[in-house]
Amino acid sequence: MADPDRPMGCSPGRSPQRLIAHLDMDAFYASVELLRRPELRGLPVVVGGRRAAGQATPEGDWPRLRDYTGRGVITTATYEARAMGVHSGMGLMKAAALAPNAILLPADFDEYRRLSRRFKAAVAELAPVIEDRGIDEIYIDLSEVPGARDAVGFDPLGGARALAQELKNNVRRATGLSCSVGLAPNKLLAKICSDLDKPDGLTVVMAEDVPSRIWPLPVRRINGVGPKAAARLEALGVHTVGELATWPQADLVAEFGAAHGHWLHEAAQGHDERPVVTESEPVSISRETTFERDLHPRSDRPELGRIFTWLCERVAEDLQRKGYAGRTIGIKLRFDDFRTVTRDHTVEQPTQDGAAIREAAGQCLKRVNLSRRLRLLGARVGSLVRLGRDGLPLAAPRAPQAPARPPTLASSERVVSPTGSVATAARRAAVMDEQTLPLFPEAEDAA
DNA sequence: TCTGGGGTCCTAGGACCC
DNA sequence: TCTGGGGTCCTAGGACCC
């Protein structure tokens with residue numbers, strides 16, 4: 001497939017050498033907290049938990065990890081806390097055993113988003129081709145940035161490195177925060193090498209450096225090789241990227257299937273042609289919550305019903321605020337044994353209406369065996385379309401398959417608005433009639 | 001005392017159409 | 001009457017990422 005963005009003058013069939021940066025903010029959430037609490041610098045600090053206090057007592061005591069009880073995981077840990085074995089994703093109770101005196105702060109996502117916008121704007125001043133990879137990291141295509149292009153191929157330690165250093169300086173000026181940058185011919189290598197010298201690192205890896213710099217690393221460092229794939233490779237005697245690189249592609253395909261096998265083979269060679277994608281549309285919007293204690297579908301029915309309705313309304317609110325509607329309404333349940341099930345249901349017209357979402361989600365819930373306690377409940381809307389000011393989809397959703405039912409509704413039926421449209425009221429009433437035994441009937445009252 | 005919340009992408013089977 | 005292949009949509013689960 002030809003790359004439409006290929007610069008003029010490059011021979012067809014062979015991609016031009018690109019210069020890609022991956023920029024990763026160092027311990028982002030924790031670093032943001034230290035910006036406004038400089039007295040905590042140098043101490044082990046973790047961000048996480050739902051009920052952490054977030055401020056010192058009048059006596060100047062900060063909440064400690066050992067005082068926390070309940071569910072939750074570490075979102076970020078400062079490097080001082082990481083030195084004690086604590087890392088993100090770790091359960092708070094387990095972390096408390098390792099670092100009881102670490103200071104625990106609650107997450108403040110509004111503030112993180114504010115600084116996220118700032119650091120991205122600071123990068124955009126110098127290099128505008130940016131791919132968003134979440135709140136704390138981005139890819140940057142530097143290929144066309146003046147001064148960088150000339151550096152490709154013959155002076156990676158000169159112009160390109162100087163430009164990356166400028167990016168870091170700009171980010172620090174704008175936010176007071178440090179970041180680590182990886183510089184490479186593609187996203188795969190840039191991502192790996194931004195992690196090689198954290199924090200405040202700047203690492204350059206060119207194609208010819210792959211054997212010496214990349215092959216000694218564990219396969220897990222490849223973005224896309226997770227715990228499962230790593231374990232399977234381990235079982236095959238493959239621990240490092242270099243060992244993976246010795247495998248013939250055919251053997252990897254036989255072992256992992258065509259798509260995954262081919263990708264693993266390319267990744268081990270340091271090959272990656274994915275472009276830096278500057279714009280994308282969301283595929284789904286969801287809300288979920290883990291309960292403080294597991295709830296029983298029967299004895300805790302009223303509470304579950306309220307939570308279920310609340311989640312659907314939050315999703316509807318998110319859709320309305322962002323200007324989307326969706327046709328596929330889904331639910332997610334996690335049982336006390338951590339087993340997760342999902343159900344979804346596609347409706348005829350995209351909706352962003354909380355009541356309509358709640359109804360479809362209720363239909364989904366009927367198809368789940370509810371004999372165990374639940375620890376998590378979630379609601380999701382997918383197959384999104386962006387809505388214009390008139391409340392109609394900007395790009396019409398794909399027409400549903402030829403209906404196997406009488407065409408009772410006009411094809412021009414409006415999208416269900418937040419207030420609910422006349423056209424859908426009859427259908428909604430029909431759905432209600434089918435609900436001989438609503439699973440969480442109390443929710444209807446609470447709503 | 002296990003294991004958050006927000007996402008994306010892939011696979012695979014069945015329905016349905018041409 | 002039987003056999004069939006390709007394409008798309010829908011659904012469920014799972015791997016993975018930040």
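If you're wondering where the values come from, they're calculated on a predicted model, not measured in any experiment. Letters go in sequence order (proteins before strands), and every chain restarts at 1.
Under the side-chain hydrogen bond (donor to acceptor under 3.5 Å, both in side chains) test applied with A/Glu288, the options A/Arg380, A/Arg314, A/Lys332 reduce to a single match, A/Lys332. Tested against A/Ile130, the residues A/Ile138, A/Leu23, A/Thr278 include a single side chain to side chain contact (heavy atoms under 4.5 Å, CB included) partner, A/Ile138. Tested against A/Leu142 for a side chain to side chain contact (heavy atoms under 4.5 Å, CB included), the candidates A/Ile20, A/Leu126, A/Val129, A/Leu183 yield a single pass: A/Leu183. Each of A/Asp24, A/Leu177, A/Asp26 was checked for a side chain to side chain contact (heavy atoms under 4.5 Å, CB included) with A/Pro199, and the lone residue meeting it is A/Asp26.
In this structure, the CZ atom of A/Arg334 is 14 Å from the P atom of B/dC2, given to the nearest Å. Distance CD1 (A/Ile74) to P (B/dT3): 12 Å, rounded to an integer number of Å. Atom CG of A/Leu384 is separated from atom P of B/dG7 by 9 Å (rounded to the nearest Å). In this structure, A/Asp336 places its CG atom 12 Å from P of B/dT3, rounding to the nearest Å. Going from atom NZ of A/Lys366 over to atom P of C/dT11 covers 16 Å, rounded to whole Å. For the pair A/Lys332 NZ and B/dG5 C1', the computed distance is 8 Å after rounding to whole Å. One can place CG of A/Asp110 at 14 Å from P of B/dG6, the figure rounded to the nearest angstrom. Rounded to an integer number of Å, the gap from A/His345 NE2 to C/dC10 P is 11 Å.
Considering only side-chain N and O atoms, A/Arg71 lies nowhere under 4.0 angstrom from the phosphate OP1 or OP2 of B/dG4. Using a 4.0 Å cut-off, no side-chain N or O of A/Thr328 falls inside it from OP1 or OP2 of C/dT11.
Aromatic ring pairs are classed by plane angle as parallel below 30°, tilted from 30° to 60° and perpendicular above 60°; the pair A/Phe28 and A/Phe119 is perpendicular.
A heavy-atom distance below 4.0 Å to DNA chain B is reached by these residues of residues 279-293 of chain A, ordered by number: A/Pro282, A/Val283, A/Ser284, A/Ile285, A/Ser286, A/Arg287, A/Glu288, A/Thr289, A/Thr290. At a non-hydrogen distance threshold of 4.0 Å, nothing from residues 78-92 of chain A comes into contact with DNA chain B.
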### Message
Treating primed atoms plus P, OP1 and OP2 as sugar-phosphate and everything else as base, which nucleotides of nucleotides 13-18 of chain C get B, S or - for protein heavy atoms under 4.0 Å?
### Response
S-SSSS

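A/Trp62 has its side chain out of reach of A/Leu43: every pair of non-hydrogen atoms, C-beta onward, lies at least 4.5 Å apart. No side-chain heavy atom of A/Leu115 sits less than 4.5 Å from a side-chain heavy atom of A/Met25.
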Give every donor-acceptor pair under 3.5 Å between a side-chain atom in residues 256-268 of chain A and any protein atom, sequence neighbours left out.
{"from": "A/His262", "atom 1": "ND1", "to": "A/Gln249", "atom 2": "NE2", "distance (Å)": "2.8"}
{"from": "A/His265", "atom 1": "ND1", "to": "A/Gln249", "atom 2": "OE1", "distance (Å)": "3.1"}
{"from": "A/Glu266", "atom 1": "OE1", "to": "A/His271", "atom 2": "ND1", "distance (Å)": "3.4"}

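Every residue two or more places apart in sequence or in another chain was checked for a salt bridge (charged side-chain N to carboxylate O under 4.0 Å, His left out) with A/Arg213, and none qualifies.
Stretches of at least 3 consecutive Watson-Crick or G-U wobble pairs, with each checked distance under 3.5 Å, appear in DNA chain C as B:5-18 with C:5-18.
Annotation: cation-pi geometry satisfied between A/Arg82 and A/Tyr79 (NZ/CZ under 6.0 angstrom from ring centroid, within 45° of ring axis).
Listed here is the closest heavy atom pair of A/Gly201 and A/Ser180: N-OG, 3.2 Å. Between A/Val46 and A/Ala77 the shortest heavy-atom distance is CG1-CB, 3.9 Å.
If you check every strand for non-hydrogen atoms under 4.0 Å, A/Ala96 touches nothing.
No donor-acceptor pair closer than 3.5 Å links the side chain of A/Lys168 to the backbone N or O of A/Ser178. Using a distance-only test at 3.5 Å, with no hydrogens or angles considered, a donor-acceptor pair links the side chain of A/Asn186 to the main chain of A/Gly270.
Both A/Lys322 and A/Arg375 sit near DNA chain B, but only A/Arg375 has its closest nucleotide nearer the 5' end.
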